[in-house]
There are 2 protein chains.
Amino acid sequence: MSNPLIQKLEQRFFLSDLDRRALEQASTCVQQVPARQDLIAEGDESDGAYLVLEGFACRYTVLPDGSRSIVAYFVPGDICDLHGSVLTEVDHAIGTLSPCKIALIPGEIIRDLTSNYPIIDHALRWVDLVDAAILRKWLINMGRRSADKQIAHILCELLVRLQAVYLATDNSYDFPIRQIDLADAVGLSNVHVSRVFKTLRNDDLIGFEGRGLRIPNVERLKAFAEFNPSYLHLEPKQPGNYNRKRSGAGRRGRGIQGGHRDP
Amino acid sequence: MSNPLIQKLEQRFFLSDLDRRALEQASTCVQQVPARQDLIAEGDESDGAYLVLEGFACRYTVLPDGSRSIVAYFVPGDICDLHGSVLTEVDHAIGTLSPCKIALIPGEIIRDLTSNYPIIDHALRWVDLVDAAILRKWLINMGRRSADKQIAHILCELLVRLQAVYLATDNSYDFPIRQIDLADAVGLSNVHVSRVFKTLRNDDLIGFEGRGLRIPNVERLKAFAEFNPSYLHLEPKQPGNYNRKRSGAGRRGRGIQGGHRDP
DNA sequence: CGGCATTTTGACAATCGTCAATCAGTGTGG
DNA sequence: CCACACTGATTGACGATTGTCAAAATGCCG
């Protein structure tokens, strides 16, 4: 079984054999975790990270009124909580959504990787930036999009993210997420998620087969969701000696911010 | 006039004179920018960063239907777009909300700061983590909180962030944000923001005096908003040689994720 | 004073949540 | 093999929150 983190990073970076070996060795401490179990509870101190090898997990908070808010999904290849070395106090819980295989990476190993493997260091920073970009996209979807487009968008996002680790075909993937797990991620009720699913099925935008999600026409779903995968930054491969483009620094855009809401 | 970035970092880190001088020199290229002007337009390539010295700015996107989504506020001391060295393509615009004084920091200078000033490097990573924490908090507020609590929360957040750069008193600050700028940040309509403001005023939770916001009883507003400032990570000062706590790596929380929505 | 941007208000409609009942699938034990 | 329990999905009825539209009011600045 190949390591999904390596697969994901190799979508974008050229790793050396040394890099690959280091990453392999970093993820040797593996645990099988059942569905709906916490890896980190809110308030825990953590030094180290969890790498998802199989299954779906999430970062979430439970509010005082008992409702749950999921702020990130983790799929194979994703790393939860890379940041033990800067902020030690964790303000969110991390839990599994389906049965998972999780690799435990101690903080010491992470610091070794980022100190001694410059390409890995660079790639892990890229991972952080992509995570932040996903967060911003979720915020946009939640704030300014209808429920159906929002859900369609997240289904497209999962398609692309899973394709990067070879867990999705061109138009389908295993979907072990309950409707309430989706509801807590998009800020809707489980009932409304069910209703949205129904309309998406009726419009033949999605279809369920057992626990698998099938997308009859990916382009049509992407168009409906206004999904543009560029924010995931998964396409172009960069040479290992991470070259930086340097444009004239100090350039200022001159566009005017205005005309919002006008046709 | 003292540099607000230095003020903010000194809330949490001990900077040396060298660090301070380096940061001062990094922010010498200053521009006065009028309200509602873009610093970076969507799609621009950027290498370098903008440091807000005075005024309010934001990161935003305009959706195909013309609506605007604001995903971050920038107040004095905040840095927009630190990441020219990793992701060159920018997928959001950055624009001013009020007249601003902005320092332009070329990417070259940033790389010099992070390479040669370890405390600054550490502090800037901390800035990134706080930004991500704010993003998650906004997502939670938007997804699972009523409009009035959400708005109260963001007002509390701004209070604390502005206090860190000495731009807020114990219970008031200058508030140059239009209601529609708030609406686009919290995912509501400007009309509804107006209604929420009215109820908050009626309950004596907030008050406006000219363009200043006054909070008669900060603890009451914080309680109402369920605001806990810990996610901003502004309180404790850490020694310059950023010590890391090391707890037993490999510890696993044993909590069970369940009972959501049950009283 | 006049013009402009912003806020406020009211009326109405659409979206979405809540509650409760039902249905479907899955696994367990007798 | 079937009854049973359990979890999750679905449906309907109803209500609350919030959006939209349009008009009026307010405040600011020349």
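FYI, side chains are in, hydrogens and waters are out, and symmetry mates aren't considered; it's all heavy atoms of this structure. Chain letters run A, B, ... following the sequence lines, proteins first and then strands; every chain starts at 1.
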Can you tabulate the close N/O pairs, meaning under 3.5 Å, that link protein atoms to atoms of nucleotides 23-28 of chain C?
none

Got a sec, which residues hit side-chain contact (heavy atoms from CB on, under 4.5 Å) with [X], two or more places apart in sequence or on another chain?
X	result
B/T199	none
A/A147	A/L188, A/H192, A/V196
A/S230	A/N228

Axis-to-axis angle for the helix from C/dC1-D/dG30 to C/dG30-D/dC1, ends of five pairs each, to 10°, equals 30°
side-chain hydrogen bond (donor to acceptor under 3.5 Å, both in side chains) filter on B/Q7, not counting sequence neighbours, yields B/S2
Under 3.5 Å, side-chain donor or acceptor atoms of residues 212-224 of chain B against the rest of the protein: list the pairs with distances, not counting sequence neighbours.
from   : atom 1 : to     : atom 2 : distance (Å)
B/R214 : NE     : B/E209 : OE2    : 2.6
B/N217 : OD1    : B/E219 : N      : 3.2
B/N217 : OD1    : B/R220 : N      : 3.1
B/R220 : NH2    : B/D203 : O      : 3.0
B/R220 : NH2    : B/D204 : O      : 3.0

- Task: Please work out if B/G210 contacts a base, only the sugar-phosphate, or nothing of the nucleic acid, heavy-atom cut-off 4.0 Å.
- Result: nothing
Residues at least two apart in sequence or cross-chain that pass ring-ring contact (aromatic ring centres under 6.0 Å, His included) with A/Y173, listed by chain then number, are none
Value in whole Å for how far the [atom2] atom of [N] lies from [atom1] of [X]:
X	N	atom1	atom2	value
B/R145	C/dG17	CZ	P	17 Å
A/N202	D/dT11	CG	C1'	13 Å
A/R144	C/dC16	CZ	C1'	16 Å
B/F208	D/dG27	CZ	P	14 Å
A/M142	C/dT15	CE	C1'	16 Å
A/L188	C/dT18	CG	P	11 Å
B/K149	D/dA16	NZ	P	18 Å
B/H192	C/dA11	NE2	C1'	16 Å

Would you tabulate the pairs of protein nitrogen or oxygen atoms and nucleotide nitrogen or oxygen atoms of nucleotides 8-10 of chain D closer than 3.5 angstrom?
from   : atom 1 : to     : atom 2 : distance (Å)
D/dG8  : OP1    : A/R36  : NH1    : 2.6
D/dG8  : OP1    : A/R36  : NH2    : 3.2
D/dG8  : OP1    : A/R178 : NH1    : 2.8
D/dG8  : OP2    : A/R178 : NH1    : 3.4
D/dA9  : OP1    : A/Q179 : N      : 3.3
D/dA9  : OP2    : A/Q179 : N      : 3.3
D/dT10 : OP1    : A/R201 : NH1    : 3.0
D/dT10 : OP1    : A/R201 : NH2    : 3.2
D/dT10 : OP2    : A/Q179 : NE2    : 2.4
D/dT10 : OP2    : A/S194 : OG     : 3.2

So the ring pair (Phe, Tyr, Trp, His ring centres under 6.0 Å) pairs with at least one residue in residues 130-159 of chain A (sequence neighbours excluded) are A/Y73-A/W138, A/H153-A/F227, A/H153-A/Y231
Separation between CG (B/L97) and CG (B/L182), nearest 0.5 Å, reads 10.5 Å
The complete set of salt bridge (Lys or Arg N to Asp or Glu O under 4.0 Å) pairs with one or both residues in residues 147-166 of chain A, sequence neighbours excluded, reads A/D78-A/R161, A/K149-A/E226, A/E157-A/R161
Qualifying salt bridge (Lys or Arg N to Asp or Glu O under 4.0 Å) pairs with a residue from residues 188-198 of chain A, counting only residues at least two apart or across chains
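Counting only pairs at least two positions apart or across chains, no salt bridge (Lys or Arg N to Asp or Glu O under 4.0 Å) contact touches residues 188-198 of chain A.
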Do B/R144 and A/D184 sit within salt-bridge range, that is, some charged N less than 4.0 Å from a carboxylate O?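 So B/R144 pairs with A/D184 through a salt bridge.
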